[in-house]
Amino acid sequence: MADVRDLRIVVIGAGMGGLGTALAFARKGFKDIRVFETASNLGFVGAGIQIPPNVVRVLSHLGCWESIAKEATIVRGTSIRGKPPAKNLV
Ligand SMILES: Cc1cc2nc3c(=O)[nH]c(=O)nc-3n(C[C@H](O)[C@H](O)[C@H](O)COP(=O)(O)OP(=O)(O)OC[C@H]3O[C@@H](n4cnc5c(N)ncnc54)[C@H](O)[C@@H]3O)c2cc1C
């Protein structure tokens, strides 16, 4: 009987969802995984990425968290600044 892990897996998009999906298939033993990305290049944009606890659990499960944690900064607090709401809003 054919092994399901011999199936070809095609993932469209190399964002977090696509790469996470590809990695999850790889961890399950799938060998033929192709990721297609329409962007001509993927580069640094100089932005910080906040990683909430539920994502840490997923990254740990995928075996990625330890190397990310070495580069990460633990944020002790945040604030969101903006205009106060208009008075007659409600
Ligand atoms: C300014 C900003 C800041 C953010 N900050 C955070 C943060 O700090 N922490 C956090 O957890 N989330 C953050 N997010 C949200 C996070 O970026 C998204 O939730 C996440 O990137 C979604 O991942 P995705 O893989 O679903 O989609 P995407 O990242 O959009 O990836 C989809 C990919 O598919 C490709 N694609 C689309 N169509 C095709 C096609 N036909 N063929 C091939 N490739 C295709 C696209 O080019 C893209 O690379 C932020 C979002 C923004 C906009």
Side-chain angles (χ1 to χ4, degrees):
M1 197 172 138
D3 187 336
V4 71
R5 290 171 299 184
D6 290 332
L7 284 173
R8 174 180 297 169
I9 304 298
V10 176
V11 179
I12 307 298
M16 289 195 280
L19 292 180
T21 301
L23 186 55
F25 273 109
R27 292 274 189 255
K28 285 287 177 188
F30 286 78
K31 294 172 265 326
D32 188 356
I33 304 162
R34 295 157 197 233
V35 179
F36 291 88
E37 169 56 52
T38 193
S40 57
N41 59 14
L42 299 171
F44 290 104
V45 292
I49 299 174
Q50 295 179 59
I51 304 179
N54 57 332
V55 177
V56 171
R57 281 194 292 277
V58 173
L59 292 170
S60 295
H61 190 71
L62 291 172
C64 304
W65 176 242
E66 270 189 26
S67 54
I68 295 171
K70 284 182 192 153
E71 305 288 330
T73 301
I74 296 176
V75 177
R76 304 281 175 203
T78 61
S79 69
I80 297 174
R81 300 176 191 194
K83 290 182 186 172
K87 282 186 178 165
N88 299 329
L89 207 58
V90 183

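Small disclaimer: the values here were computed from a predicted structure and weren't measured. Start at 1 and go down the list; that is how both ligands and their atoms are numbered.
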Hey, is [atom] touched by any protein heavy atom at less than 4.0 Å?
atom: atom 10 (C) of ligand 1; result: yes
atom: atom 30 (O) of ligand 1; result: no
atom: atom 22 (C) of ligand 1; result: no
atom: atom 15 (C) of ligand 1; result: no
atom: atom 27 (O) of ligand 1; result: no
atom: atom 48 (C) of ligand 1; result: yes
atom: atom 5 (N) of ligand 1; result: no
atom: atom 33 (C) of ligand 1; result: yes

Give a yes/no on ligand 1: does I49 have at least one heavy atom closer than 4.0 angstrom to it? yes
Does I12, backbone or side chain, put an N or O under 3.5 Å from an N or O of ligand 1? no
For atom 44 (N) of ligand 1, the option (of V11, V35, T38) bearing the nearest heavy atom: T38
Residue, atom name and distance, where the atom is the protein heavy atom closest to atom 20 (C) of ligand 1: M16 CE, 3.4 Å
At a 4.0 Å threshold, what atoms of ligand 1 neighbour a non-hydrogen atom of G15? 25 (O), 29 (O), 31 (O), 33 (C)
